[in-house]
> 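Here you go, one structure.
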Amino acid sequence: MKNVYGVKGNIIYTKEFGKYEVISKGIIIIENGIIKGIYNGLPFHYKDIKVIDYKDKLIIPGFVDLHLHAPQFPNMGLGLDKELIPWLNKYTFPEEEKYYDLQYAEKVYKKLINKIWSVGTTRCCIFNTIHKDSTKLLLDLFNKSGLGAYIGKVNMDRECPDELKEETNTSILDTLEIVNEYKDKYKLVKPIITPRFVPTCSFDLLKSLGEIANKYDIPVQSHLCENYGEIELVKSLHPECKNYAEVYNKSNLLKDNKCIMAHCVLVNESEIDLLKKKRTFIAHCPTSNLNLSSGIAPIRRVIERKVNVGLASDISGGHTLSIPEVIASSAQVSNLKWLNSNKVEEKLTTAELFYLATKGGGKFFGKVGSFEEGYDFDALVIDDSDLLIENNLSLEERLQKFIYIGSSNNIVERYVCGNIIKEPNI
C-alpha cells in the first residue's frame with residue numbers, strides 16, 4: 001500500500017558541494033518515505049494527495065552527526081583546558097567506567113537522545129563504551145526514538161585503565177554477539193565496529209575486528225591523527241607501519257566506502273592518498289579540535305583530493321551537539337586556515353559546510369541528506385520568523401541566519417524516512 005503525500009514550503013538543499021538548490025514555495029512529493037520529486041506546483045496525477053503546507057517556513061535536510069560519544073554526554077563542558085590524552089585519563093575514562101550500571105546508562109541515554117532530537121540531528125554515528133549490555137540498551141532506545149544511527153561497542157585491550165581494559169577474546173566475542181543480534185534487527189539503527197583507536201587496541205584485536213567487519217559487512221569507525229602525542233604513541237607501538245593510517249589498513253579496517261575516521265587533523269599526504277583510495281569518510285570535529293588543542297584539520301585540501309567529509313559534534317571533546325554550531329566553528333577555523341596560508345587556501349563557504357552537514361555525512365547512510373529523487377525524506381521545517389528583522393532576505397541568507405543565530409526552538413518539525421518524529425518518549 002502506497003503512502004503518498006506532499007510537503008510545501010521554501011525548499012533549500014545542496015545536491016553538489018557548495019551549490020544551493022532553492023525552490024521558493026515548492027512541493028516535495030514523498031512516497032513510502034522516499035522522495036519522488038520536487039515541483040513548483042502540484043502535478044495533475046498527484047491532485048488528490050494530502051499536501052502539508054508549511055507556508056513561508058524553510059524546509060531543509062536533517063543534520064547528520066558523523067561522530068559522537070554517548071557516555072561522554074554528562075562531561076560536556078568539562079576538562080576543555082587539557083589536551084587529548086590527559087583529558088581522557090582525567091575525565092573520559094572515569095565516566096565511561098560507570099556504564100556497567102544499566103540504570104545509570106539509561107538515564108544518560110534518554111537525555112542524550114532527546115537532545116539529539118532537539119537540535120535537529122536525524123542521523124548519527126555513536127561510540128558507546130566497552131560494555132556489551134549498555135550498548136544493546138542504546139541500540140534499543142535509539143530505535144524507539146525513530147532517529148537513525150550507527151552505534152558501536154568500543155573495543156580496548158591495552159593502554160587504558162584496568163577497569164576498562166578488556167580481555168582480547170572477550171572483546172571479540174561481545175562484538176560478535178552484538179553484530180549477530182542487531183545487524184538485521186532494526187531498519188534505521190545498526191551496529192558499527194568501533195575500536196577506540198590504535199593506542200588502546202592490540203594488533204590482534206584490530207585484525208579480528210577487521211575480519212568481523214568484512215565477514216558480516218559491518219561499517220567501521222575510529223579515530224585518526226587527532227593529536228601529536230597520540231601519533232607519537234602509535235609510532236612507538238607500531239614501528240613497522242609507515243604511518244598511523246597504515247595500522248588500520250593492515251588490519252583491514254579501512255572498509256571501502258564504509259569507514260569513518262574522526263579528526264584527521266594531522267594526516268600526511270600518504271595518509272590522504274590511502275583515505276581517498278579506500279573512500280574513507282573523515283568526520284570533521286572543529287569544536288573538539290579547538291577545545292583539546294589538537295589543531296585545524298586540512299578540510300579544503302582533503303576535499304580537493306576527493307576524500308569524503310562530514311561534520312561531527314564529537315561530544316564531549318566538542319561542547320555542543322548542535323550541527324549548526326559545528327558549521328559555524330568549521331567556518332571560523334577555515335577562516336584561520338585561510339589567513340595562515342597567506343590567503344592561498346580558500347575559505348569554506350556556508351553552502352559548502354551545509355553540504356558537509358547534510359549530504360556529505362549523509363552519504364555514509366546511503367541516499368540521505370538531500371532532496372533528490374530516490375533519497376530518504378529526512379527533513380527539518382524551520383520557522384525563522386523571529387530571526388527576520390529585515391523581510392527582504394533571500395532564502396540562502398535566511399538559512400545562514402538560522403545556522404548562526406537560530407536555535408532548536410526554530411525547528412518546528414522533524415522527519416526521518418518520511419515519518420514525523422515527535423520528541424522521543426522513551
> Residues two or more places apart in sequence or in another chain: which of them pass salt bridge (charged side-chain N to carboxylate O under 4.0 Å, His left out) with Arg398?
Asp56, Asp384
> Just by distance, do the side chain of Lys19 and the backbone of Lys15 share a donor-acceptor pair under 3.5 Å?
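No, because the side chain of Lys19 does not come within donor-acceptor range (under 3.5 Å) of the backbone of Lys15.
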> Do Lys258 and Asp217 sit within salt-bridge range, that is, some charged N less than 4.0 Å from a carboxylate O?
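Salt bridge between Lys258 and Asp217, a charged N being under 4.0 Å from a carboxylate O: yes.
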> Under 3.5 Å, side chain of Asn289 to main-chain N/O of Cys285, donor-acceptor pair present?
yes
> Can you confirm whether Phe93 is buried at CZ, in the sense that more than 12 heavy atoms of other residues, nucleotides or ligands lie under 6.0 Å from that atom?
yes
> Taking Leu80's backbone N and O only, do any of them form a donor-acceptor pair with Tyr91's side chain (distance below 3.5 Å, no angle check)?
no
> With respect to Tyr109, which candidate in Tyr104, Phe142, Tyr99 satisfies the ring pair (Phe, Tyr, Trp, His ring centres under 6.0 Å) definition?
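Passing option: Tyr99.
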> Could I get the full list of side-chain contact (heavy atoms from CB on, under 4.5 Å) partners for Gln72, not counting sequence neighbours?
His69, Trp87, Thr92, Glu96, Arg196, Ser316
> Does Lys110 come within less than 4.0 Å of Glu106, counting only side-chain N to carboxylate O?
yes
> Locate the shortest heavy-atom distance separating Ala70 from Val108; write the atom from each residue and the value.
O-CG1, 4.1 Å
> Under the criterion ring pair (Phe, Tyr, Trp, His ring centres under 6.0 Å), which of Phe377, Tyr375, Phe371 is the partner of Tyr415?
Phe377
> Whether Lys47 engages the ring of Phe44 as a cation-pi pair (distance to the six-membered ring centre under 6.0 angstrom, angle to the ring normal within 45°) should be assessed.
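Here Lys47 passes the 6.0 Å and 45° test against Phe44.
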> Between Ser313 and His67, does a side-chain contact (heavy atoms from CB on, under 4.5 Å) hold up when you go through it step by step?
CA-CA 6 Å; Ser313 65; His67 178 70; over 6 Å; no
